[in-house]
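Read the structure below first, then the notes.
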Amino acid sequence: MRIAIVDANNFYVSCERLFQPSLEGRPVVVLSNNDGCAVARSAEAKAMGIQMGQPYFQWRHLANKHRITVLSSNYALYADLSNRLMGVLGQFSPVQEVYSIDESFLDLTGMTVDSLLLGATIRERVRRWVGLPVCVGMGPTKTLAKLCNHFAKKRPDMAGVCDWDSLSTEAQANLLAETPAGEVWGIGRRIEDRLMARGACSVADFLSMNPTHIQQQFGVTLARTQAELRGTPCLSIEEVSPPKQQIMCSRSFGQQVTDLTALREAITLHTCRAAEKLRKEGQGAGMVQVTIRTNPFQTQEPQYGRSAHVAMRYPTADTRKLLEAALQGLQEVYREGFRYAKAGILLTDLGTRGAVTTDLFDHHSADTEKTDRLMSTLDAVNRRYGKSTIAPGTAGLKAPREWAMRRGNTSPSYTTRWADLPVVSANLQQGIVGNNQSTGTPGTKNRRSS
DNA sequence: TCTGGGGTCCTAGGACCC
DNA sequence: TCTGGGGTCCTAGGACCC
């Protein structure tokens, strides 16, 4: 096998820089929802000591002092650029696995091209056609390819491309000895600590451990990781993503809420979004789980958190039925007197809606063709005129909601909203769309060649 | 004052079966 | 003076990923 993994550098930051070139060479950080934590950092911001996942309030002083550009996350922009990136990468192999929003595995098995040349070509083409910087790692297994991708990012002399098989035996050994085991794909904080307690600090140390002991003490997953590092493939490329097993929609509130009405609004909106995803997947849910909780970081406040499971009679994708179940679950878990920080719903027991044995005496439970048509129409309207144009009454009418997400500094949706297109002049923009705040004009996503 | 939102897989232990 | 052996299914919790 020969596998490549292509991974964008500081993906969210690079997306922002693409439309704001003045940010090039300057420290930039993109925040998580609610402007909570750092989720993407430019090289300059990393050098200032800002950690991945670190809460904003802990490094706000640094941001002020060093004039760091701090942006709220703009998922419409990132998702669109991700699609373009994946499209270009797909041209380099018939077998592609889109692994995450900014990463893709490519199967290069049997190709005769020179690895380093191919890697350089991929980088050049993505840079030119999409505008994003990427690094390429290659190897005989996914885990080795990932490790090489790490090397390609860390070592300037590699020029963004690293192929395991092109390295000399000596170079391989040196890299393995220099690299901490925690950098390996599949070794997280906990396992790294346990490995260190056994004296294994580097990847080389980890490789020298007895596979049988690894399996016994750490489980089969880590044993596979070790085998992959030794060049034995255990993980294959998954071209078609297997059907989802669960769909989750949850959000922290911009500010904490106490009353049931606000929670009902949030749960309603989350259920609608989850049901939409469910229909996109072509599935139905057999179980709805509702969760609410207070803020665990506010240790001096009374804490409360609970989930309720509500079973559906049949796997369904009908927003109304799922919502009824969700609100019933919320009623069960809600207690007065707490300041809630987060609410969410989880759809599980997913199955194909067609493959249902209907109840002889209950003709109204399973999704009917009429239901499907209604839901399709609902989705079409909300796609056309913007999210929640049609929403259940329990979503509330008051906008903006006081618990809405905090987003201090979001960039425009440059590629998915006509009004935000960077090429349109200000006058023209006024003439065409006025101050219309509605989202995506239909089809914009597919007209990216223009 | 301020701490994200998704997912997956594996394992251990309990309930239950014959 | 004493209570088998073998199996499945389910769930909660822990680990990982981005």
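Values reported hereafter were calculated over all heavy atoms of this structure, with side chains retained and with hydrogens, waters and symmetry mates removed. We name chains A, B, ... by the order of the sequence lines, and we start the count at 1 in each one.
- Across residues 293-310 of chain A, A/Asn295, A/Phe297, A/Gln298 each have a non-hydrogen atom less than 4.0 Å from an atom of DNA chain B (numbered order).
- Side-chain contact between A/Arg125 and A/Phe92 is present, with at least one heavy-atom pair separated by less than 4.5 Å.
- Along DNA chain B, the stretch of nucleotides lying under 4.0 Å from any heavy atom of chain A spans, 5' to 3', B/dC2 to B/dT11.
- Applying a 4.0 Å cut-off to non-hydrogen atoms, the residues of residues 185-220 of chain A that approach DNA chain C are A/Trp185, A/Gly186, A/Ile187, A/Gly188, A/Arg189, A/Arg190, A/Ile191, listed by residue number.
- Contacts between residues 230-251 of chain A and DNA chain B, counted as heavy-atom distances below 4.0 Å, involve A/Lys244, A/Gln245, A/Gln246, A/Ile247, A/Met248, A/Cys249, A/Ser250, A/Arg251.
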For DNA chain C, what is the dot-bracket line, given that a base pair needs Watson-Crick (N1 to N3, plus N6-O4 or O6-N4) or G-U wobble (N1-O2 and O6-N3) geometry with both distances under 3.5 Å, and | means paired with another strand? ....||||||||||||||
Applying side-chain contact (heavy atoms from CB on, under 4.5 Å) to A/Glu16 and A/Asn74, what does each step give before you reach the verdict? CA-CA 9 Å; A/Glu16 299 288 352; A/Asn74 179 350; 3.8 Å; yes
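- Both cation-pi conditions hold for A/Arg60 and A/Tyr56: the charged atom is under 6.0 angstrom from the six-membered ring centre and inside a 45 degree cone around its axis.
- At the heavy-atom level, A/Val98 lies nowhere under 4.0 Å from the strands shown.
- Between A/Leu346 and A/Tyr75, the residue anchored nearer the 5' end of DNA chain B, judged by the nucleotide with its closest heavy atom, is A/Tyr75.
- In summary, A/Lys146 and A/Glu103 engage in a salt bridge, as defined by a charged side-chain N under 4.0 Å from a carboxylate O.
- In summary, A/Glu183 and A/Lys154 do not engage in a salt bridge, as defined by a charged side-chain N under 4.0 Å from a carboxylate O.
- A salt bridge is absent between A/Arg2 and A/Asp165; no separation between the charged side-chain nitrogens and carboxylate oxygens falls under 4.0 Å.
- Counted by atom type alone, A/Arg198 and A/Gln217 present one or more donor-acceptor pairs between their side chains at under 3.5 Å.
- Using a 3.5 Å distance cut-off with no hydrogens or angles, the side chains of A/Asp107 and A/Ser93 do not pair a donor with an acceptor.
- Listed by chain and number, the residues in a side chain to side chain contact (heavy atoms under 4.5 Å, CB included) with A/Ser208 amount to none (sequence neighbours excluded).
- Of the candidates A/Ile247, A/Asp379, A/Thr271, A/Thr319, A/Asp379 is the only one forming a side chain to side chain contact (heavy atoms under 4.5 Å, CB included) with A/Glu276.
- Comparing the P positions of B/dT3 and C/dC18 gives an interatomic distance of 25 Å, to the nearest angstrom.
- By the 30° and 60° cut-offs, the orientation of the rings of A/Phe338 relative to A/Tyr304 is parallel.
- Contact annotation for A/Asp35: no contact, since no heavy-atom pair falls under 4.0 Å across all strands.
- Side-chain contact, A/Gln246 with A/Thr348: no donor N or O sits under 3.5 Å from an acceptor N or O.
- The aromatic rings of A/Phe253 and A/Trp403 lie perpendicular to each other, with more than 60° between the two planes, well past the 30° mark.
- Remark: the A/Thr416 side chain and the A/Asp80 side chain contain no N/O donor-acceptor pair separated by less than 3.5 Å.
- Aromatic ring centres of A/Tyr12 and A/Tyr75: separated by under 6.0 Å.
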